[in-house]
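Scope of the values below: all heavy atoms of this structure, side chains included, with no hydrogens, waters or symmetry mates. Keep in mind the model is a prediction, meaning the values are calculated, not measured. By convention in this document, chain letters (A, B, ...) are assigned in the order of the sequence lines, proteins followed by strands, and residues within each chain are numbered from 1.
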Protein chains: 2
Amino acid sequence: MTFRTYQGDALTRLTELDPATVDAVITDPPYNSGGTTAKERTSRTAREKYTTGGSKNDLADFPGENKDQRSYGFWLTQLMTEAYRVTKPGGMALIFTDWRQFPVSSDALQAGGWIWRGAISWHKPQSRPQKGRFRQDCEYILWGSKGAIDGDRNPVYLPGLYSASQPAGAKRQHITQKPVEVMRELVKIAPPGGTVLDFCMGSGSTGVAALLEGRSFLGIEMTAHYRDIAEQRLAKTARQLADTSEHQGAAAQ
Amino acid sequence: MTFRTYQGDALTRLTELDPATVDAVITDPPYNSGGTTAKERTSRTAREKYTTGGSKNDLADFPGENKDQRSYGFWLTQLMTEAYRVTKPGGMALIFTDWRQFPVSSDALQAGGWIWRGAISWHKPQSRPQKGRFRQDCEYILWGSKGAIDGDRNPVYLPGLYSASQPAGAKRQHITQKPVEVMRELVKIAPPGGTVLDFCMGSGSTGVAALLEGRSFLGIEMTAHYRDIAEQRLAKTARQLADTSEHQGAAAQ
DNA sequence: CAAGTATATGAATCCCGCT
DNA sequence: GAGCGGGATTCATATACTT
C-alpha cells in the first residue's frame, strides 16, 4: 500500500487531484466550535479554546479556527464539492464533527452532492463532567455516499458507535488527534486496496490506519509542521508493515 | 409524586397550561423519518415504516407521520415555543430525534427560545447490520435550557451516552417505546420533586420513569388508546411506590 | 510481577471583575 | 450595559509510580 502527502491549502490541492480516483474521503476539519460568543469562537486559537488551563503539554497550534458558522458551512461545502469530484461513483465520505456543527456539516455534505446516509458516534470516556448537565462525551462522524452503494463491492458490516480515548502522553502529537483504533475501523468503509483521502490530515492518524488496514492514502495538510509529523508516522508505519511481511515471507518458506 | 395526563392535540393542550410551572420538558415526537424520498416518508403510516414487513405484532398505529421535513420543523417549533412558556427559568428541554431530523430538531429547539446545550446518544445494541455500511444504531437526544443553568439547584452529573434496547415482547406497548432505564436517567435533569412534562407521551415511559425517580409528571397524548395505556401504567407505578413506602414505614417502626 | 496509589487532563463552561 | 478575558470547577480515565 502506498501513501502520498501534500502540504498546502486543502481546496487548492484538491483541485489538482484527478477525478474519480478515491474510494473514501475521511476527514476531521477544525470544528470552529467552543466558546459562548462569536468573539470567543473566532478570536482564540485552537490551543486557547481546547486545552485545559494549566495543562502542561506543548503541542503545536493549528490554524483555521476563525470562522463563524455560516462561513464554516460555506468553506466545508466547497471542500466537499471538490472531494466529490475526486471520488469514484459509489465512494464514501466521512466527516468528523461535534454536536454544534452537526447540522451545518450535514448541510455541507449534501450541498457537495453526497447522499447523506447516517451518523456515527465516537464516545470519549475521559470527558469532563459538569454539574447539573449531561456530559459532552461524544463526537460524531457524518457519512454519505456518491450515489448508490454497492454492498457486494465491499461487504463489510461496521458498527455505528465507537468508544476510545484520545492518545495521551508521548503518543499525542496533535491537540485533536484521533485514536488509531477508531480510524482503523472507519477506513474499512473503503474496499481493501482502495484509496483513502484526508484533506485535513493533521498528524496523519487516518493515513496510519489506512496503511495498517491495507488501503492506500492521500493526505493534505496546511501546516508544514504537522505535514512533517504525518510523513514520519506514515513512513514508520510503512516500514513496520514491510518488516512484518518479510518475516512472514521468511517464515512461510 | 403526582401525575396528570391529558388527551388531545399537543399544541392546544399546551396553551392551556400555566406559565413557568415545569422543570423539564422531555419528549419523543414522531420523527417523520424513514424512506429516502418525501413520498416514501409521508405516504406510509408509522406502522408500515417502523415495523418489519410481515411482523406479527399488534401495536396500534400513531398519527402525525405525514409531515415533510420543513413542516416537521414548523410543527416542532410551535410546540417548543409553548413548552418554553410553561417551563421555569433555568428549566431544561430534551427532544428525541434520529440522525435525519437532528438538524431540524436543533433548529426547532433554538427557534422556540431555548439555548441549545448539547446532544446525548442513545445506543441500541440490537440494531440491524447492513452490508457495506455503518449501522444506524444510535438515536439522539438534543437538550437545551431556558436561560442560564444553576448547577447548584440540581447538582447531578449525568453521562452523555446511554446504551439500552427497546422494550420487546409483552412489555412493548408502543411502536417507538423508549426503555424506562434510560428515561430514569434522563428525568434526573429535573430536580427531585420537580415536574416533568411530555407532550408526546405515547405509552407513558417518561412518566413512569419520572415517578420512579421522585418527580411529578404531566403528560399529553393525542390518541385515546395510548392515553389509556399510559394512565394504567402510571397508576400501577404510583401504587407500587405507595406499597413500597408503606412497607418501608412499617419496617422502620 | 501484580495490585494498589498518585497524578495529570479533557475539541468545556461559567462566573466575575474589568474595560 | 455590553464586551472581553482570566481563572476556577469537576471526576472518570489513562498513565506513571510505589508497594
### Query
What base-paired stems does DNA chain D take part in, with at least 3 consecutive Watson-Crick or G-U wobble pairs and both distances under 3.5 Å?
C:2-10 with D:11-19, C:12-19 with D:2-9
### Query
If we require ring centres under 5.5 Å and near-parallel planes under 30°, does A/Tyr50 stack on C/dG10?
no
#### Entry: Value in whole Å for how far the P atom of D/dT10 lies from CG of B/Asn154
15 Å
### Query
Do the side-chain N and O atoms of A/Ser205 and A/Arg233 include a donor-acceptor pair separated by under 3.5 angstrom?
yes
### Query
Are the side chain of A/Gln177 and the backbone N or O of A/Gln173 linked by a donor-acceptor pair below 3.5 Å?
yes
### Message
Side chains of A/Tyr50 and A/Glu65 only: does a donor on one sit below 3.5 Å from an acceptor on the other?
### Response
yes
### Message
OP1 or OP2 of C/dC14 versus the side-chain N and O atoms of B/Arg117: is any pair under 4.0 Å?
### Response
yes
### Query
How many angstroms lie between atom CG of A/Asp137 and atom NZ of A/Lys124, to the nearest 0.5 angstrom?
8.0 Å
### Query
Between C/dT9 atom P and A/Gln177 atom CD, what is the distance in whole Å?
16 Å
### Message
Check this for me, if you would: do B/Glu82 and B/Arg85 make a salt bridge, where the nitrogen-to-carboxylate-oxygen distance has to be below 4.0 angstrom?
### Response
yes
### Presence of A/Gln166 side-chain N/O under 4.0 Å of C/dA11 phosphate oxygens OP1/OP2
yes
### Query
DNA chain C: B/Ile149 or A/Glu139, which has the more 5' nearest nucleotide?
A/Glu139
### Touch class at under 4.0 angstrom, heavy-atom based, for A/Pro29 against every strand present
base
### Message
So A/Pro129, base contact, sugar-phosphate only, or nothing? Heavy-atom distance under 4.0 Å.
### Response
base
